[in-house]
Protein chains: 2
Amino acid sequence: MTNYSVVVVDDHTLLSQAIQTMVNTFEKFEVLYTCKNGQELVNQFSGSPENIPDIVLMDINMPILNGIETTEWIQKNHPIVNVMALSVEDDDKTVLKMLKAGAIGYLLKDTEKSVLEKALIEIAENGFYHSKNVTNLLMKSISGNGDEEIVLKEKEIIFLKLACTELTYKEIADRMCLSPKTIDGYRNNLFIKLNVKNRVGLVMYAIKNKIYTP
Amino acid sequence: MTNYSVVVVDDHTLLSQAIQTMVNTFEKFEVLYTCKNGQELVNQFSGSPENIPDIVLMDINMPILNGIETTEWIQKNHPIVNVMALSVEDDDKTVLKMLKAGAIGYLLKDTEKSVLEKALIEIAENGFYHSKNVTNLLMKSISGNGDEEIVLKEKEIIFLKLACTELTYKEIADRMCLSPKTIDGYRNNLFIKLNVKNRVGLVMYAIKNKIYTP
DNA sequence: AATAAAAAAGGGGTTTTTCCTATATAAATA
DNA sequence: TATTTATATAGGAAAAACCCCTTTTTTATT
């Protein structure tokens, strides 16, 4: 009987290699290769059918092509592959996005070796795994709470980024080649849209949603 | 000939266990145990002399007792132990603090397995290791740039945290049981002290220095 | 106790932000 | 083309943020 093949994707090379070493100690599992980001994975997958594993262990925060985008790509092009998210993130929105993108499991990086093995076995044999946290989260997400995904337009994002600097709205207007009054509008729209009270609220939203990185 | 003993400290259990597995594959090295935070390490060290390793691989961001504090403790109580920092952080201040605390090396988590092994060997045999990044940083830090460590008092920190919320300065004053005018003073002092122009500057400083976590 | 230093508070002013309402203009659509 | 619809812009005003300078109160120091 052949082993299940695994690919590890994480921009922290040491982590991905360490996990590789670890997974290789598991009976039944074997790491094919590791990737530093989503782009590398896409290249590998597109290279040869032999590069397509049974399971992908995927970090979320990565440069170039992040975990969510990459999972979407896999879901579209190789729907048989099981993606398990592996992240330090545990904020609700991120988890939900990852699951929506098609991940069939979600594991925090502060779990035990044994838990990872158990999760891999479940995925390989049953096709799913969910930690307690995630199960609770899913319950919450289903019951009520439509969540109304907020979509920002390009200019709003640019504005938001500038609002995270020490620039004055007047100066932001100059940078964006718009009248201060227009900026006034952007700001007020976002106050309502993002449900915040003032500029600090904008800044916090931008940071939490990775629109601006301090 | 006996192996060099290593202890891995990281709050991400999966990472510390994965690194444990990896280090155990290195000839000459052997992991004694892993810890989830500094407190655990202190307990282990204080438990039995057999628990004291040659090398500690230490993460920086940890709850309870962080990497810098833990390194200081080790430096004070077990100065023979070599601490190597292992972190995703690469901002100058953090690295310098870690080195000042007594770490003899600094490795980013996105390095290769082979680099880790090489670093461990250097530490074990020569007693030091520095990645290129760190060497450059040290050069910068020595040449000129006194850096003037900014020290904030307790109340300034409380104020700074509140300034990161959507509260009005008036409301912050209430929370801190101070007059709005006093808050005015705190704000203006911090503007000068932190070299920022407005509230966004305060927020950014607080976040960058982990005084406030979004 | 006298003096110095730090923390808290106030007076009063300018600028920026925030808010509300209304209009011109461009872009998309029936 | 006429009609929405989204985007950009104004006017005006109240609130909050920002700034400078002075005074009181507390705390520490010799």
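Here is the naming used below: chain letters follow the sequence lines, and residue numbers restart at 1 for every chain.
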Nucleotide nearest A/R199 (side chain, heavy atoms from C-beta), chosen from C/dT18, D/dC18, C/dA7: C/dT18

Using 30° and 60° as the class limits, which term best fits the ring planes of A/W73 and A/F45: parallel, tilted or perpendicular? perpendicular

If you check the B/K181 side chain, which of C/dA8, C/dC19, C/dG11 turns out closest? C/dG11

Distance check needed: D/dA17 C1' versus A/L167 CG, whole Å only. 17 Å

Name the closest nucleotide to the A/R187 side chain, picking from C/dT17, D/dT9, C/dA9. C/dT17

To the nearest angstrom, the NZ-P distance between B/K193 and C/dA7 comes to 8 Å

For B/L202 and D/dC18, what is the distance between atoms CG and P respectively, to the nearest whole Å? 8 Å

With respect to the side chain of A/K153, which nucleotide from D/dT7, C/dA7, D/dT9 is positioned closest? D/dT7

Whole Å only: how far is the CG atom of B/D184 from the C1' atom of C/dT16? 14 Å

If I take atom CZ in residue B/F159 and atom P in nucleotide C/dA7, what distance separates them, rounded to the nearest angstrom? 15 Å

Residue pair B/N198/B/K155 against DNA chain C: nearer the 5' end by closest nucleotide is B/K155

Is there a side-chain polar atom (N or O) of A/S179 under 4.0 Å from OP1 or OP2 of D/dA10? yes

Any A/T182 side-chain N or O less than 4.0 Å from OP1/OP2 of D/dT9: yes

Winner on side-chain proximity to B/N188, out of C/dA8, C/dA7, D/dC18, is D/dC18

Whole-Å distance, A/L152 CG to D/dT7 P, equals 12 Å

Of all the nucleotides listed (D/dA8, D/dC18, C/dA8), which has the minimum atom distance to the side chain of A/L178? D/dA8

Is the backbone N or O of B/N37 less than 3.5 Å from a side-chain atom of B/D11, with the two atoms forming a donor-acceptor pair by type? no

Whether the side chain of B/N188 engages the backbone of B/F191 through a donor-acceptor N/O pair (distance < 3.5 Å, no angle test) should be reported. no

Whole angstrom value for the distance that separates C1' of D/dA15 from OH of A/Y169: 14 Å

N/O donor-acceptor pair under 3.5 Å between A/Y33 side chain and A/N51 backbone: yes

Over how many whole Å does the gap from B/L190 atom CG to C/dA8 atom P extend? 13 Å

Can a side chain N or O of A/Y186 be found less than 4.0 Å away from OP1 or OP2 on D/dT7? no

To the closest 0.5 Å, what do you measure between CG (A/L152) and OH (A/Y205)? 4.5 Å

